[in-house]
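Have a look at the structure below before the remarks.
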2 protein chains.
Amino acid sequence: MQTISRENYLKAILKLEGRADIVSNQALADKLETKPASVTSMLHKLADEGWVKHEAYKGVQLTGEGKGIALATLRKHRLWEVFLVEKLNFGWDVVHQWAEELEHIGGEELTNRLDAFLGHPAFDPHGDPIPNALGKWKDGRNLVQASQAEPGSVVLIKGVLNSGEEFLQHLNTMHIQLGLQLIVVQRYEFDDGLVLEWPDGRQATISHETAQNLLVEMKQN
Amino acid sequence: MQTISRENYLKAILKLEGRADIVSNQALADKLETKPASVTSMLHKLADEGWVKHEAYKGVQLTGEGKGIALATLRKHRLWEVFLVEKLNFGWDVVHQWAEELEHIGGEELTNRLDAFLGHPAFDPHGDPIPNALGKWKDGRNLVQASQAEPGSVVLIKGVLNSGEEFLQHLNTMHIQLGLQLIVVQRYEFDDGLVLEWPDGRQATISHETAQNLLVEMKQN
DNA sequence: CAATAAATTTAGGTGTGTCTAAAAATATTG
DNA sequence: CAATATTTTTAGACACACCTAAATTTATTG
């Protein structure tokens, strides 16, 4: 039996709060790959700790303290991902699971030292912003899904909406990576797929779904 | 309830095998701070996995596979300790507990990358040798307990026999650290305490117990 | 070598996070 | 707005590592 940590519950609630105002047990169960009954049970414990507010049948919300723990965990996760990629030279596709374990180790002091060692990175290897020691981040970037880019525009790859191993490996085979500059050559009518041009002049097509999961900065039009 | 991992059991058996040929449940229970009944129960599971040979009432022994896992875990533990001290600038007195958690993360690939990143260190921050990827180490050093050093001899601090936080912090207050060169000035008759002289000429006394837990290389006599 | 002491194992129980199935509450829809 | 569908909760079990206490085996000693 794979047991899910309290911190992972809090992190999942944090992420779901970003999208919908109320977080349902169903959504949590799906995200954490567990059963609604288990979610209910754990929410009671989190509420007892004062980390969430939970009203029966009404959904769940992080308290200030709960959000703090969730953000600290997210920070640790993303810092460790930077470590694994920048220092140990792993690919962005393989670091998530290790970071999922590393994020539970040590407290603020360890995290802050790691942060300093890494040079206070602002983004993780998937382009996600890293909260600072106070749980804040400033994301000055104005990113859009690649699927929104008009033909003729030049874009910079800055993030992904899907950090799953499978998707990232697909990007690897396409030679798509963070920082890459691409030209959107054409959009297909029938399936919304995009034809892209690489700096070396090579062209290739990505599906609409792939484009939806790619976050880009518009460089020029 | 603090649960003890299988790897920690194997590591503990490995260390106890170094001292006595048979490893008793009692010794394991003491080292792991648990109860003999819990040890018996876990030994059955380890035996089922094929990691130890356990004959009821007769003690336990690592199998080849078990020893491999124990050595790999020890390797990871010590490499992470090097990381925490060398890269994150923590003191040798605080890194053990974190390494105790870090050692369970990732497999060979992660460990080997960490090893390479750290420059293939041969010893951890407490002077303990780090097994290589094959579980071997060569310790060309000929270390003795500082308590054995004769007055007049010059010694180099190379290790400790007690890596507990308390003892290491005691060494910190005495300004004793790995690599330090000391002169053994005098031994007290009545309690076997040692008077040492630091490079700056300062002298201080350490107890016999402290000297027993300090491993030194004899530099000259 | 029998009596006693010590170590080990077994028996039975606890706490925690999970599960399935049934009951209860809320949402949806004809 | 009543019937139906969906979501959530409760009830009851299971797995796991732990515990205490009792039974068993091994070791020590007079």
Item to check | Any donor-acceptor N or O pair under 3.5 Å, side chains Thr210(A), Ser207(A) | outcome: yes
Checklist entry - For Arg6(A) and Ala37(A), take the nucleotide of DNA chain C holding the closest heavy atom to each; which residue's nucleotide lies nearer the 5' end? => result Arg6(A)
Checklist entry - Do the numbers put Lys31(B) on top of the ring of Tyr9(B), so that NZ or CZ is under 6.0 Å from the six-membered ring centre and no more than 45° off the axis? => result no
Next on the checklist: Any base atoms under 4.0 Å from Thr40(B), or only sugar-phosphate, or nothing? Heavy atoms, all strands.
Outcome noted: base
Checklist entry - Hey, is Lys11(B) close enough to Glu7(B) for a salt bridge, meaning N to O under 4.0 Å? => result no
Next on the checklist: Taking the basic N atoms (NZ, or NE/NH1/NH2) and the acidic carboxylate oxygens, is any pair closer than 4.0 Å for Lys45(A) and Glu49(A)?
Outcome noted: no
Next on the checklist: Applying a 4.0 Å non-hydrogen cut-off, can you work out what Ser38(B) is touching in the nucleic acid: base, sugar-phosphate, or nothing?
Outcome noted: base
Checklist entry - Does Lys45(A) put a side-chain nitrogen or oxygen below 4.0 Å from OP1 or OP2 of dT16(C)? => result no
Item to check | Near-ring test His77(B)/His96(B), centroid separation under 6.0 angstrom | outcome: yes
Next on the checklist: Measuring centre to centre across the rings, with the benzene-like ring taken for any Trp, is Trp98(A) within less than 6.0 Å of Phe90(A)?
Outcome noted: yes
Item to check | Length of the line joining Gln26(A):CD and dA27(C):P, which is rounded to integer Å | outcome: 14 Å
Item to check | Value in whole Å for how far the P atom of dT18(C) lies from NZ of Lys35(A) | outcome: 11 Å
Next on the checklist: For chain A and DNA chain D, what are the first and last nucleotides along the strand, 5' to 3', with at least one atom under 4.0 angstrom from a heavy atom of the protein chain?
Outcome noted: dT8(D) to dT10(D)
Next on the checklist: Among residues 51-63 of chain A, which ones have heavy-atom contacts with DNA chain D below 4.0 Å?
Outcome noted: His54(A), Ala56(A), Tyr57(A)
Checklist entry - Mind checking what makes side chain to side chain donor-acceptor pair (under 3.5 Å) contact with Glu217(B), not counting sequence neighbours? => result none
Checklist outcome for this item: Rounded to whole Å, the NE2-P distance (His44(A) to dT18(C)) equals 14 Å
Checklist outcome for this item: From the list Arg75(A), Lys76(A), Arg78(A), salt bridge (Lys or Arg N to Asp or Glu O under 4.0 Å) with Asp115(A) holds only for Arg75(A)
Checklist entry - Rounded to whole angstrom units, what separation is found between the CG atom of Asn25(A) and the C1' atom of dC19(C)? => result 16 Å
